[in-house]
Amino acid sequence: MANGREQWATKLGFILAAVGSAVGLGNIWRFSYVAGESGGAAFLLIYVLCIFLIGLPVLLAEFSIGRRGQADVVGSFHNLAPGKPWVIGGVLGVVTSFLILSFYGVIAGWVLYFLYSFLTGAAVGLEPGTYEGFFGEFIGGTIGPVFWQILFMAFVVSIVYFGVKKGIELANRIFMPLLAIILIMLAGYSLTLEGAGEGLSFLFAPDWTAFADPAIYASAVGQAFFTLSLGMGAMITYSSYLPKETRLPSAAGGVVVLDTLFAIVAGIMIFPAVFTYAVDPADGPGLIFVVLPEVFNEMGTAGTIFAIFFFFLVAIAALSSAISLLEVSVSYVMRKLEVSRHRATLMAGIAVTLLGIPSALSQGGPLTEFTIAGLPFLDAVDTLTDQYTLPLGGLVIALFVGWGWHKVDALQETGLTETVIGNVWIWFIRLIAPIGILWILWQNLFG
Ligand code: PHE
Ligand code: NA
């Protein structure tokens, strides 16, 4: 700790934190509604391609920037390329992570509310088909969504405030495997439902005409960045707490594979239920909050127990992702304003919570009519980040590692010097990823 910065205790601690950042609402809530809106199987195929062709190379690039830069996302770019415009990548990262966290807290608040409602029995034993109304009434309220958002953000802020790395590492070590087990059990149950066949073909049998629609590619890239926590400095910040010895490529591979498995199992859990309960897969962000409670309800008492476990574990997964999002700003504010971790956490935490309130009130609540570019506040912030600032951040990162940095330095940092994998990686970062991202940005802007 030559420069007095904090460090991970072990390599496993780092990998768990990175997996904790990656696995979150993106795999369950966001993956299912985006896949549902984008036609299912065609989307899944393109998404998996994006994960391996763009996501994995960019993740490795972020790990190398952070570990070599040894600073927050802006500081890392600054340390590696002083006085060069690459630092824009860092600034974009701070802005994007801040915007994402503002609405991430809102959705995580919904999760907490469902946990609470199954615990108290308020969501137990309703008439089949009425969960849509139950959900709509809650998110359309005024006090409710804001209260649960603030409660969730209070957990995030208190963990980052105390910097309890032990706590984060431990929580990930225990709760991630539990979440995996619950998801697999629920997916198994879903496969016994009447709509299982239809659900599986929706998810795995592509409609080939869908590939002609450029919008699918754009959603797939946006989802790939979101789900791997890329393009906004979370992975740069986390890897900046790494000692020199850690091998980066295996860590990156592990994160990508686990994150993708979580999403696919979540899909197997959700889509059979979607078709069993005749919900429209393109229903949007409410999908899991409407469909899964119907399933839990159908399962009787066991379902209530499953529901409690499920929403609890999803809340924990969201917590570890939100922590990494807040850490980007906190790490930046600490260095930039020369304040303590405590102060930086309170400043960033309160500001981002306030920014989330209009999102909490925009889904049927009092701010529903207040739209930006025709979208309610939450949807506008989500679209702005996943269609524009995330890919843009990823582009700057890829171009920097591919062209702005010396090739030897980049390869050295990953330990891939003179290897085939290293050379393949460099060309993915130099050409494939930038071309892919540029094309998507073009589609999103002018398509
Ligand atoms: N990857 C997280 C998820 O899938 C969300 C996230 C995005 C976390 C960006 C950190 C940074 O839920
Ligand atoms: Na994810």
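For ligands, and for the atoms within them, numbers begin at 1 and follow the listed sequence.
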*Would you say the side chain of Trp439 lies within less than 4.5 Å of the side chain of Val221, judging by non-hydrogen atoms?*
no

*Please round to the nearest 0.5 Å and tell me the distance separating atom OG of Ser239 and atom CZ of Arg68.*
12.5 Å

*Evaluate the ring planes of His342 and Phe162, with Trp represented by its six-membered ring, and classify them as parallel (under 30°), tilted (30 to 60°) or perpendicular (over 60°).*
perpendicular

If you look at each N/O of ligand 1, which protein N/O atoms lie under 3.5 Å away, and at what distance?
unit_1   : atom_1 : unit_2 : atom_2 : d
ligand 1 : 1 (N)  : Ser21  : O      : 3.2
ligand 1 : 1 (N)  : Ala22  : O      : 3.0
ligand 1 : 1 (N)  : Phe226 : O      : 2.9
ligand 1 : 1 (N)  : Thr227 : O      : 3.0
ligand 1 : 1 (N)  : Ser229 : OG     : 3.0
ligand 1 : 4 (O)  : Ala22  : O      : 2.9
ligand 1 : 4 (O)  : Gly26  : N      : 3.3
ligand 1 : 4 (O)  : Asn27  : OD1    : 3.4
ligand 1 : 12 (O) : Leu25  : N      : 3.1
ligand 1 : 12 (O) : Gly26  : N      : 2.8
ligand 1 : 12 (O) : Tyr104 : OH     : 2.6

*Given the side-chain rings of Tyr113 and Phe152, with only the six-membered ring counted for Trp, is the space between their centroids under 6.0 Å?*
no

*So, Lys336 versus Ser331: side-chain donor-acceptor pair below 3.5 Å or not?*
no

*When you check the space around the Na ion (ligand 2), which protein N, O or S atoms turn up under 3.0 Å?*
Ala22 O, Asn27 OD1, Thr227 O, Thr227 OG1, Asp259 OD1

*May I ask you to check whether Phe134 and Phe114 place their ring centers less than 6.0 Å from one another?*
yes

*asked:* With salt bridge (charged side-chain N to carboxylate O under 4.0 Å, His left out) as the criterion, how do Arg67 and Glu62 come out once you've worked through the C-alpha distance, each side chain's angles and the decisive distance to 0.1 Å?
replied: CA-CA 9 Å; Arg67 210 246 315 258; Glu62 291 207 17; over 6 Å; no

*asked:* Looking at Tyr388, I want to see if its OH is surrounded by more than 12 non-hydrogen atoms of other residues, nucleotides or ligands under 6.0 Å.
replied: yes

*Other residues, nucleotides, ligands: >12 heavy atoms within 6.0 Å of Glu132 CD*: no

